[in-house]
Amino acid sequence: MEHIMKLYASNFTSLANNNKTREYRLNDSKRRLIKPTDTIRFQKLPDYDEEVIAEVIKREDFPDWYSCYEKYFDEDFKERYKDVEEVVQDTYNGYYTEEETKKNGCVVFTIKVLQKIKK
């Protein structure tokens with residue numbers, strides 16, 4: 001099954017260049033449907049002029065952002081943030097609320113790029 005997600009330019013570029021292998025999302029009703037072997041069509045914001053199709057290799061569910069980011073901090077965040085709590089606060093400042101997180105939890109998709117598309 002294919003799913004669609006949108007990414008801002010910097011994250012999209014990292015994914016397209018194979019520098020990003022994990023996608024962190026709120027585990028809402030849409031994300032609960034995604035399982036290994038599914039594909040995700042990532043669309044580049046704001047113009048939707050590029051897409052990347054990636055296969056989901058693994059999914060991991062977490063109760064909160066702290067436990068989610070703590071697992072992969074050294075690999076995915078250490079160069080941009082001083083500690084896990086700073087990543088969590090950044091998430092609450094621009095992406096998701098604490099209420100949404102308490103209700104849904106978080107999910108990490110390990111992904112592998114299959115195709116890049118320019119429109």
Side-chain angles (χ1 to χ4, degrees):
M1 176 176 235
E2 183 173 273
H3 307 271
I4 296 175
M5 291 187 193
K6 297 165 184 68
L7 282 175
Y8 290 107
S10 61
N11 282 321
F12 184 90
T13 301
S14 291
L15 176 65
N17 292 335
N18 293 310
N19 295 325
K20 178 179 172 68
T21 60
R22 280 181 282 276
E23 181 62 20
Y24 297 80
R25 294 287 174 132
L26 189 72
N27 198 15
D28 59 13
S29 58
K30 282 176 54 176
R31 310 302 175 235
R32 285 189 199 107
L33 300 174
I34 302 172
K35 59 186 185 311
T37 73
D38 285 356
T39 56
I40 301 172
R41 180 180 296 264
F42 290 97
Q43 299 175 327
K44 182 181 177 186
L45 292 170
D47 300 323
Y48 303 96
D49 56 344
E50 294 181 56
E51 295 180 336
V52 168
I53 299 174
E55 179 182 5
V56 177
I57 306 301
K58 178 170 75 169
R59 78 168 279 139
E60 299 171 85
D61 298 281
F62 295 89
D64 55 55
W65 292 113
Y66 193 93
S67 56
C68 175
Y69 295 145
E70 182 179 45
K71 181 168 183 177
Y72 294 111
F73 181 78
D74 287 342
E75 296 170 53
D76 293 347
F77 302 103
K78 190 175 185 175
E79 292 180 15
R80 295 177 291 145
Y81 296 93
K82 66 179 180 180
D83 58 27
V84 176
E85 188 58 37
E86 188 177 21
V87 188
V88 172
Q89 290 310 309
D90 190 38
T91 300
Y92 288 144
N93 288 331
Y95 298 99
Y96 305 113
T97 67
E98 289 185 53
E99 293 77 27
E100 289 173 311
T101 302
K102 286 177 185 172
K103 179 181 175 187
N104 296 290
C106 316
V107 62
V108 177
F109 299 107
T110 301
I111 52 179
K112 176 185 170 188
V113 172
L114 301 175
Q115 183 180 6
K116 300 171 193 174
I117 303 164
K118 281 199 177 227
K119 295 182 175 184

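For the single chain, residues carry numbers from 1 onward in sequence order.
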Using a 4.5 Å cut-off on heavy atoms from C-beta on, say whether the side chain of [Y] contacts that of [X].
{"X": "Arg59", "Y": "Val108", "answer": "no"}
{"X": "Lys116", "Y": "Asn18", "answer": "yes"}
{"X": "Thr21", "Y": "Lys112", "answer": "no"}
{"X": "Glu100", "Y": "Glu98", "answer": "no"}
{"X": "Ile117", "Y": "Arg41", "answer": "yes"}
{"X": "Leu26", "Y": "Arg31", "answer": "no"}
{"X": "Ile57", "Y": "Phe109", "answer": "no"}
{"X": "Gln115", "Y": "Glu51", "answer": "no"}

What about [X] and [Y], same hydrophobic cluster or not, with Ile/Leu/Val/Met/Phe/Trp/Tyr joined at side-chain heavy-atom distances under 4.5 Å?
{"X": "Ile111", "Y": "Tyr72", "value": "no"}
{"X": "Leu114", "Y": "Ile40", "value": "no"}
{"X": "Leu45", "Y": "Tyr24", "value": "yes"}
{"X": "Tyr95", "Y": "Val107", "value": "no"}
{"X": "Val56", "Y": "Phe62", "value": "no"}

Phe42 ring center within less than 6.0 Å of Phe12 ring center: no
Pair Arg22 + Glu75: basic N to acidic O under 4.0 Å: yes
Atom of Glu55, atom of Thr37 and distance for their closest heavy-atom approach: OE2-CA, 3.8 Å
Nearest heavy-atom neighbours spanning Tyr69 and Thr91: OH-OG1, 2.6 Å
Given Asn11, Asp49, Leu15, the one that forms side chain to side chain contact (heavy atoms under 4.5 Å, CB included) with Lys44: Asp49
Qualifying residue for side chain to side chain contact (heavy atoms under 4.5 Å, CB included) with Ile34, from Met5, Glu2, Arg25, Glu23: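 For Ile34, the side chain to side chain contact (heavy atoms under 4.5 Å, CB included) check succeeds only for Met5.
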Main-chain N/O of Ser14 paired to Asn17 side chain as donor or acceptor, under 3.5 Å: no
From [X] atom [atom1] to [Y] atom [atom2], the distance as rounded to the nearest 0.5 Å:
{"X": "Lys78", "Y": "Lys82", "atom1": "NZ", "atom2": "NZ", "result": "15.5 Å"}
{"X": "Asp83", "Y": "Glu70", "atom1": "CG", "atom2": "CD", "result": "11.0 Å"}
{"X": "Ile4", "Y": "Lys6", "atom1": "CD1", "atom2": "NZ", "result": "7.0 Å"}
{"X": "Thr39", "Y": "Met1", "atom1": "OG1", "atom2": "CE", "result": "9.5 Å"}

Residue pair Phe73, Tyr81: steps toward the side-chain contact (heavy atoms from CB on, under 4.5 Å) verdict: CA-CA 9 Å; Phe73 181 78; Tyr81 296 93; 4.2 Å; yes
Evaluation steps, side-chain contact (heavy atoms from CB on, under 4.5 Å), between Thr101 and Cys106: CA-CA 7 Å; Thr101 302; Cys106 316; 4.0 Å; yes
Chi angles and distances behind the side-chain hydrogen bond (donor to acceptor under 3.5 Å, both in side chains) call for Tyr96, Asn104: CA-CA 11 Å; Tyr96 305 113; Asn104 296 290; over 6 Å; no
